[in-house]
Amino acid sequence: MEISLIFFSPTHTGRTIAEAVAAGFASGADTLRNIDLTLPSGSRKTIEAGDIAIFAAPVYGGRVAETAVERFRQVRAAEPGVTPAILTVVYGNRDYEDALLELQDIAVRQGFVPLSAGAFIGEHSYSRPKEGRPIAAGRPDEADQAQARHLGAASREKYEKGTPQPLTVKGHIPYKTKGPSTPATPETDPALCTGCGTCAEICPTEVISLTEAGTAVSDLTGCIKCCACVKFCPADARRFDTPYTEKLFTHFSARREPELFL
Ligand SMILES: Cc1cc2nc3c(=O)[nH]c(=O)nc-3n(C[C@H](O)[C@H](O)[C@H](O)COP(=O)(O)O)c2cc1C
């Protein structure tokens, strides 16, 4: 069968989890297909009845990141109610609240049958290890990825047995109301920026451009604060100063562990 990894993952933690789940699920004859929705693409994708989908989305404000919600609409099961899906959310060691339930509802709306699910921990977008403020730094680590492979392997067993029981994941309806978005955007230190354009290329909402002087600038309107530009700037020239870094470091540094739903 074909295993489709469907993810929106600006800082790559969700992608790592989806890959580990797929590695645990796959057997010799299976093929893997990446449906990377991190950058806008616009084209529709269909998953065939005999195949399987693995979804991965980041948690933003206790919910599925809004851009992921929009982009997952591009993916459908060819035959509704037949194709199984493994659902994963990745959160920055605070909490995932209603995100997994929301992802399950999205998958069902797109015609999939939820097979299993997991909530995993990834380094928080606002983690600043170099400034002595790490939040889940280095995660998902080897232990997290082993849990994700286990989710994949256990899902395979469940799938082989057939007629899975309806899945129950943690979460509430109505979903958590989102708070206001932080009124700021990552900024560039012009002394460090080399104008290489990496940030503009990887920005999931394409809101970074280069000035005539060759310095990266973000448009606040469309910025989702994912911090991909901060994490992956080769010159370390991007910064996002938010009071959340200190708050999260102070209150949510105690290690949380993945939760699996089978
Ligand atoms: C705008 C925003 C909101 C976030 N909200 C939460 C949250 O509610 N709970 C949490 O634990 N982590 C939260 N995070 C952290 C991300 O869920 C975490 O860094 C995740 O690993 C990012 O996934 P990715 O690497 O696939 O992009 C938030 C991050 C951003 C940018």
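Counting starts at 1 for both ligands and their atoms, in listed order.
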For N93, counting its heavy atoms only, list the atoms of ligand 1 lying under 4.0 Å from any of them. 11 (O)
Proximal atoms of ligand 1 relative to G122 (non-hydrogen, under 4.0 Å): 21 (O)
Protein contact to atom 17 (O) of ligand 1 [nearest heavy atom, distance to 0.1 Å]: V59 O, 2.7 Å
Any idea which of H12, E66, R94, H124 brings a heavy atom closest to atom 15 (C) of ligand 1? H124
Without hydrogens or angle criteria, can the side chains of S125 and K225 be said to hold a donor-acceptor pair below 3.5 Å? no
For atom 1 (C) of ligand 1, the protein heavy atom that lies nearest, with its residue and separation: Y126 OH, 3.4 Å
Could you tell me the residue and atom name of the protein heavy atom closest to atom 5 (N) of ligand 1, and the distance to it rounded to 0.1 Å? G61 N, 2.9 Å
Considering the heavy atoms of E123, write down every atom of ligand 1 situated less than 4.0 Å from one of them. 18 (C), 19 (O), 21 (O)
Of all the non-hydrogen atoms in the protein, which one sits nearest to atom 12 (N) of ligand 1, and at what distance? G92 N, 2.9 Å
Please determine whether a side-chain nitrogen of the Lys or Arg among R63 and E66 lies less than 4.0 Å from a carboxylate oxygen of the Asp or Glu. no
Is any side-chain N of the basic residue among D95 and K176 closer than 4.0 Å to the acidic one's carboxylate O? no
Can you check whether G118's main-chain N or O pairs, donor with acceptor, with T88's side chain at less than 3.5 Å? no
Counting from 1 in the order shown, the ligand 1 atoms closer than 4.0 Å to a non-hydrogen atom of V90 are 17 (O), 20 (C), 21 (O)
Donor-acceptor under 3.5 Å (S127 side chain, P134 main chain): no
Distance from Q110 atom CD to T46 atom OG1, nearest 0.5 Å? 10.5 Å
Treating T188 as the side-chain partner and T215 as the backbone partner, does any N or O pair qualify as donor plus acceptor under 3.5 Å? no
Just heavy atoms, cut-off under 4.0 Å: does F7 contact ligand 1 by side chain, backbone, both, or neither? neither
Could you walk me through whether R15 and T38 pass the side-chain hydrogen bond (donor to acceptor under 3.5 Å, both in side chains) check? CA-CA 10 Å; R15 178 187 188 132; T38 309; over 6 Å; no
Which residue and non-hydrogen atom of the protein lie closest to atom 9 (N) of ligand 1, and at what distance in Å? D95 O, 2.9 Å
To the nearest 0.1 Å, how far is atom 21 (O) of ligand 1 from its closest protein heavy atom, and which atom is that? T13 OG1, 2.7 Å
Using a strict cut-off of less than 4.0 Å between a Lys/Arg side-chain nitrogen and an Asp/Glu carboxylate oxygen, indicate whether R149 and E142 qualify as a salt bridge. yes
Quick check on contacts: which atoms of ligand 1 are under 4.0 angstrom from a heavy atom of P10? 27 (O)
Quick one: does C227 get within less than 4.0 Å of ligand 1, heavy atoms only? no
So does I121 get a backbone contact from the side chain of N93, meaning a donor-acceptor N/O pair under 3.5 Å? no
Below 3.5 Å, N or O to N or O, backbone or side chain included: is there any such pair between E97 and ligand 1? no
What is the nearest protein non-hydrogen atom to atom 25 (O) of ligand 1, stated with its residue, atom name and distance? T11 OG1, 2.4 Å
In ligand 1, which numbered atoms sit nearer than 4.0 Å to a non-hydrogen atom of K225? 31 (C)
Which ligand 1 atoms, with their elements, are less than 4.0 angstrom from a heavy-atom of P58? 22 (C), 23 (O)
Could you tell me whether K130 and D236 make a salt bridge, using a distance below 4.0 angstrom between a side-chain N and a carboxylate O? yes
Can I35 be reached from F7 by stepping across I, L, V, M, F, W or Y side chains whose heavy atoms are under 4.5 Å apart? no
Atom 29 (C) of ligand 1 - nearest protein heavy atom and its distance: S125 OG, 3.2 Å
